[in-house]
Each structure stands twice: as C-alpha cells, then as structure tokens.
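Down below is the structure, laid out as structure tokens.
Along the sequence shown, residues are numbered consecutively beginning with 1.
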Amino acid sequence: MEPLRAGDLAPATRLFAIGSGREVDLRKREGVPLVLVFHLQGTASAAVNVNRAVRERYAAGEVTVASVVDLSLVPTVYWGTVWIVLRQAYERTASDLPPGADPEEYVMILPDWAGRVTRSFGLRDTGRVAAVAAVDGGGRVAGVRQGGDPGDTALAFLRSLPEQGGA
C-alpha cells in the first residue's frame, strides 16, 4: 500500500473517540478540517503541542484536532486494559481544560486498534517520533509529516487550506 500524500483522499475510515464516543470519519469532513497527531505514550507531548498551537488560532468548530494511537502491537486480550488507560488519559486531559470548555470538542483520543490508519499515512514508530497529518474539509489529505515541530507543522498544513483563508 502506497502511503497517502497531499491531495489524496483520506481513507474511508471511521474511528471512535475514547471518552465521548464521538465518531470521526476521516473522509466525510463536512467542511471542517481535521488535524491528526499520531503518537503513543512516550510522544504524547506532541498532542499537547499541536492542541496548544491550533487552539491559539482556531476554535474547536473551525478545526478538529485528534490523537491517533496505534495499538496494533497490543494483543487483543489487553484491549480492555488499554481502553481503561486511554479513558483515564481522556479524563485527566478534560479536567485540565479551561472552565466552560466542552471536553468532547477539545479532547479526542482515537484508538487505531489494528494500526490501519497509521499505516495508511505511511507512519511507523510513532512511539519514538510523533507525526502530524491534516485532512481538509472535503476529506483530502493536506499533508503528512513525521518529526519536526508538530505544532508548527499543523499550522502550516492548516494555512495551506483555501477554506482556512490563511487565518
């Protein structure tokens, strides 16, 4: 499978957020761009970096930011335990939000149980080096990059989208 590149349609995949249960369809974006941060526990600071950078410029309704956690190496017998750990991470992060912020809009942890989404973007070893991808409001990939400053990368991808108007 060739990795996705800018201009390609995102995979026809739906992921479900831990905590809120919110469905995220990578292809059916309904006009709202999506920034994906691919990371594991050791690179989770990338998600904080991206969220901080994006939220300084865009409201939750303008851009969706979500963490994708590749769990393909976790045996299915441990999925229940992993779900609990991810739920606790959701709750911790949600409790750190400013008063009045809706956790369902600001905290999205998307388990990639089989690792298909991560691999479709051509990414590996996100526990060592986090990655960022952006999908425009029409479901097309705006860019994919592993390494570098994830917040700057996310903003650069968003600025490249015509519907964002370089905001």
Side-chain angles (χ1 to χ4, degrees), residues 1-4 8-30 32-55 58 60-61 63-98 101-135 139 141-151 153-154 157:
M1 169 192 317
E2 285 291 314
L4 293 168
D8 290 345
L9 271 175
T13 302
R14 296 177 307 154
L15 297 171
F16 295 89
I18 295 288
S20 69
R22 183 174 167 189
E23 178 183 329
V24 177
D25 190 316
L26 301 185
R27 190 172 286 177
K28 295 181 183 173
R29 298 302 318 137
E30 299 178 12
V32 179
L34 172 65
V35 174
L36 299 169
V37 185
F38 295 84
H39 67 87
L40 295 178
Q41 185 175 3
T43 53
S45 62
V48 173
N49 178 302
V50 169
N51 272 291
R52 189 172 291 128
V54 171
R55 293 299 164 229
Y58 303 96
V63 175
T64 300
V65 177
S67 293
V68 177
V69 182
D70 178 358
L71 299 170
S72 61
L73 295 178
V74 177
T76 54
V77 70
Y78 295 114
W79 282 9
T81 303
V82 168
W83 188 91
I84 291 169
V85 169
L86 291 174
R87 174 69 190 199
Q88 290 170 341
Y90 169 84
E91 290 170 359
R92 271 192 315 275
T93 305
S95 71
D96 289 339
L97 291 174
D102 182 357
E104 290 186 19
E105 293 294 324
Y106 288 93
V107 184
M108 272 205 187
I109 301 171
L110 305 174
D112 184 10
W113 296 106
R116 287 187 193 104
V117 173
T118 302
R119 284 191 306 277
S120 73
F121 281 89
L123 302 171
R124 297 192 182 350
D125 202 10
T126 57
R128 191 176 60 78
V129 181
V132 176
V135 177
V141 175
V144 181
R145 181 168 184 216
Q146 189 163 13
D149 183 299
T153 298
F157 289 156

Exercise. Do Val141 and Leu9 pass the side-chain contact (heavy atoms from CB on, under 4.5 Å) test, and can you show the C-alpha distance, the side-chain angles, and the key distance before you say yes or no?
Worked result: CA-CA 6 Å; Val141 175; Leu9 271 175; over 6 Å; no

Exercise. Does the pair Arg124 and Phe38 meet the rule for a side-chain contact (heavy atoms from CB on, under 4.5 Å), with working shown?
Worked result: CA-CA 9 Å; Arg124 297 192 182 350; Phe38 295 84; over 6 Å; no

Problem set entry | Audit row: Val117, Leu110, side-chain contact (heavy atoms from CB on, under 4.5 Å) steps and yes/no | CA-CA 10 Å; Val117 173; Leu110 305 174; over 6 Å; no

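Here CG of Leu86 is found 12.5 Å from CH2 of Trp79. Values are rounded to the nearest 0.5 Å. Taking OG1 of Thr13 as the reference point, atom CG of Asp25 lies at 8.0 Å (rounded to 0.5 Å). If you take CZ on Arg116 and CG on Leu15, they are separated by 11.0 Å, rounding to the nearest 0.5 Å. One distance of note links OG1 of Thr93 with CG of Asn51; it measures 9.0 Å at 0.5 Å rounding. Rounding to the nearest 0.5 Å gives a distance of 12.5 Å between CD of Glu30 and CG of Leu34.
Remark: the Thr118 side chain and the Asp112 side chain contain an N/O donor-acceptor pair separated by less than 3.5 Å.
Between Ala130 and His39 the shortest heavy-atom distance is CB-CB, 4.2 Å. Ala60 and Tyr106 get closest at one heavy-atom pair: CB-CZ, 3.7 Å. Across every non-hydrogen atom of Arg22 and Thr64, the tightest pair is NH2-OG1, 4.1 Å. Residues Asp70 and Gly115 come closest through the heavy atom pair OD1-CA, 3.3 Å. Minimum interatomic distance between Leu36 and Val68 (heavy atoms only, all atoms of both residues): CD2-CG2, 3.7 Å. For the pair Val135 and Phe121, the tightest heavy-atom approach, listed with the atom from each and the gap, is CG2-CZ, 4.4 Å.
Judged by distance alone, the side chain of Arg119 and the main-chain N or O of Ala114 form a donor-acceptor pair under 3.5 Å. A donor-acceptor pair under 3.5 Å is absent between the side-chain atoms of Gln146 and the main chain of Leu123, judged by distance alone. A distance-only check finds a donor-acceptor pair linking the side chain of Arg27 to the backbone of Ala10 [under 3.5 Å]. Of the possible donor and acceptor atoms, one in the side chain of Asn49 sits under 3.5 Å from a partner among the backbone N and O of Gly151.
Looking at heavy atoms from C-beta onward, Pro103 lies in side-chain contact with Tyr90 at the 4.5 angstrom threshold. Contact annotation: the side chain of Val144 never approaches that of Pro3 to less than 4.5 Å [non-hydrogen atoms, C-beta and beyond]. Contact annotation: the side chain of Pro33 never approaches that of Phe157 to less than 4.5 Å [non-hydrogen atoms, C-beta and beyond].
Results of the side chain to side chain contact (heavy atoms under 4.5 Å, CB included) test with Val65 over Met108, Arg55, Glu105, Arg52 single out Arg55 as the only residue that passes.
Between Glu23 and Arg14 a salt bridge is recorded (basic side-chain N to carboxylate O distance below 4.0 Å).
More than 12 heavy atoms of other residues, nucleotides or ligands shown are found within 6.0 angstrom of CZ on Phe16.
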